[in-house]
Amino acid sequence: IGFCLNRISIFFSMGLLAFTPLVAMFLAFIWGWTHDYTDVIPNFDHFAAGDTWYNNGQTIKCIPKAIHHPTTENEISNVVKTVAKAGGKLRIAGSGYSLSPIVCETGCDLVTLHKFTEIIEIGKDTVTVQAGLRLVDLQRALQEKNKTLPTVPHFQKQTVGGSLSTSVHGSSRDYASMSSLVVRMNLVTADGNVRTLSPTDTPELFSAAGVALGTFGIISTVTLKTVPLFNVERRDIGPVPLTSAAQTFKKLVDQDNYALMVWMPYTDVASFIVFGETQKPALEGWPACFQCFKQKVLFTIVRLLQEVSLYFGIAPSVNPILSGALKEQVFPPTPATNAFNQAVKWYPLHTDVEFYVKFADLQGILDKLAAELKPGTLPHVHTFLSVRYVKQENFLLSPTSDGDKITVGLTLFGEGVALESQQPLYNLCKRVFTGDNARLHWGKDVIWSTAELKKLYGTTSWATFKQLRKEIDPTGLFLSEQTAEWFE
């Protein structure tokens, strides 16, 4: 009897040891499910004057004087006229994904287009929408008609209007930013009138207003180019030594239209992801649901590891462990999926800085970043780097107006992002990117001064933009404190 009891206790202990990780994983899953940070900006339906507006990264906030929820283009026009007559300032908020302080300032009137989201018409090779529609919702509607946008960002919670205003981009050898897809758009200007802009009928004004940070007026409706729906299949390449990463990326871009690179600092290797067009059918039904479930579980595990490592102050040391998991979560693998039809979760308390550089400068920049980013440089946050390809486009303030560019983006996330880690990141980037003619993503942290920005874009382009903006908005109705510093 004693022998049997002894064996039973051993088997019970072994079973308990095996079962404990499952219980821990289950509890972690429940924690992740209830800590869903996909949308952290306030519900605008209940947003009123005196409430605090904050961006998705929770790094910028303000208290608007008033909040407006127009549902028609005529209502947008009336809001503009009312605020202009009162001598106020008017800013437009999309989904809050901009990390630069271009949207809001305390005491301004704030317009949100979250009730202005209809799809007006899906044509043969175009789609016309209201500018408050989110990209992910647009892509899902287009998929039902066997169509898609030819390029989109990997994070698709931005509104159409917001993505155009800040030159949001994906990673494509053949396409530039979202603004390059515009066939025409309606713009409500400072006098309350609606102007229709297009590259053929109003080329000069369109070249300025196509990427204007909301300073020319409120984009109301937009017609975008579409292409027939196609499927993509993901291929992973790597790990590749960081010292040869630029060469590998060049080969992949030459071979496929959609490719990107991911590097976790404190490691000496990079990984590459290629989304190649395929004739294979997209996942549907249970396989597609299972894929979403795996992404949710992975997101939960990554978030839990991040929280634990941040709590104990060991964030950099777990980067090699998180490297593969984070890449899979941010760019989820699928055997075949409808092109770009996925909305990826993002992180609370995050900040981004992204630079546009020439391909020839990429390897030198990676080498300098590897030398600068050592454990202890940014101890209270997690960080990763992504590299994309963006084609040239003809907008005065587009970061790719002077040629095809490689984007090098550094993302920080963690409790320290809003406080002690931003300035060290800025200082590091200034040491690495100064002298490389590196323009910045307008929707992310802008660390260059007005004089430096003017030099990067050229005196003529900068002056032309300012002149056209002044003609459209002579009183500065649509300027925030930050954009006034740049453009007044």
Side-chain angles (χ1 to χ4, degrees), residues 37 54-61 97-102 242 245 261-268 270 302-303 305-323 326 330 346-357 361-387 399 406-453 456 482 485:
Y37 295 101
Y54 48 93
N55 68 339
N56 187 273
Q58 300 185 54
T59 55
I60 297 172
K61 63 181 180 179
Y97 269 67
S98 287
L99 295 162
S100 58
I102 60 176
L242 190 64
M261 170 189 147
V262 179
W263 173 56
M264 292 290 286
Y266 321 119
T267 66
D268 57 1
V302 170
R303 285 284 297 118
L305 285 172
Q306 290 164 356
E307 291 293 335
V308 171
S309 62
L310 289 170
Y311 179 80
F312 289 104
I314 57 172
S317 63
V318 301
N319 261 22
I321 301 173
L322 292 175
S323 179
L326 182 61
V330 175
W346 201 223
Y347 297 90
L349 294 173
H350 76 272
T351 191
D352 275 317
V353 61
E354 184 173 77
F355 297 86
Y356 293 70
V357 299
D361 298 328
L362 177 58
Q363 189 59 58
I365 287 170
L366 293 175
D367 293 341
K368 285 189 284 185
L369 283 171
E372 288 277 357
L373 276 170
K374 299 296 184 183
T377 307
L378 302 170
H380 301 290
V381 293
H382 290 286
T383 179
F384 76 92
L385 177 142
S386 58
V387 176
I406 301 299
T407 69
V408 180
L410 272 169
T411 300
L412 304 182
F413 46 96
E415 296 297 326
V417 163
L419 299 173
E420 67 269 23
S421 295
Q422 285 195 32
Q423 195 56 51
L425 172 67
Y426 299 159
N427 295 338
L428 181 152
C429 288
K430 287 178 179 179
R431 292 194 299 271
V432 171
F433 290 94
T434 297
D436 288 309
N437 293 317
R439 296 180 179 182
L440 286 158
H441 192 306
W442 290 111
K444 301 184 180 182
D445 285 330
V446 179
I447 66 174
W448 300 141
S449 67
T450 303
E452 289 169 324
L453 290 171
L456 285 168
Q482 179 63 80
E485 178 184 328

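Numbers here simply count residues along the sequence, with the first being 1.
- Partners of Leu362 according to the side chain to side chain contact (heavy atoms under 4.5 Å, CB included) rule, which considers only residues two or more places apart in sequence or in another chain, are Ala246, Phe249, Phe359, Leu366, Val387, Ile406, Val408.
- Side-chain contact check for Leu369 versus Leu428: some heavy-atom pair is nearer than 4.5 Å.
- Among residues two or more places apart in sequence or in another chain, the side-chain hydrogen bond (donor to acceptor under 3.5 Å, both in side chains) test is passed with Trp442 by Tyr457.
- In terms of the side-chain hydrogen bond (donor to acceptor under 3.5 Å, both in side chains) criterion, Lys430 has no residue partners (sequence neighbours excluded).
- Here Gln363 pairs with Asp367 under the side-chain hydrogen bond (donor to acceptor under 3.5 Å, both in side chains) rule; sequence neighbours left out.
- Considering all non-hydrogen atoms of both residues, Pro399 and Leu440 come closest at CG-O, 3.7 Å.
- Taking Glu452 as the reference, nothing meets the salt bridge (charged side-chain N to carboxylate O under 4.0 Å, His left out) condition, with sequence neighbours excluded.
- Within the 4.5 Å cutoff, the side chain of Leu242 has heavy atoms near those of the Met261 side chain.
- Put simply, CG on Leu373 and CG on Leu385 are 8.5 Å apart, with the number rounded to the nearest 0.5 Å.
- Looking at every heavy atom in both residues, Leu456 comes nearest to Ala438 through CD1-O, 3.5 Å.
- The shortest distance between side-chain heavy atoms of Val432 and Glu372 falls below 4.5 Å.
- Scanning for side-chain hydrogen bond (donor to acceptor under 3.5 Å, both in side chains) contacts around Thr434 gives an empty result, with sequence neighbours left out.
- Under the 30°/60° scheme for interplanar angles, the aromatic rings of Phe433 and Phe355 are found to lie parallel.
- Taking 4.5 Å as the limit, some side-chain heavy atom of Leu453 sits within range of a side-chain heavy atom of Val446.
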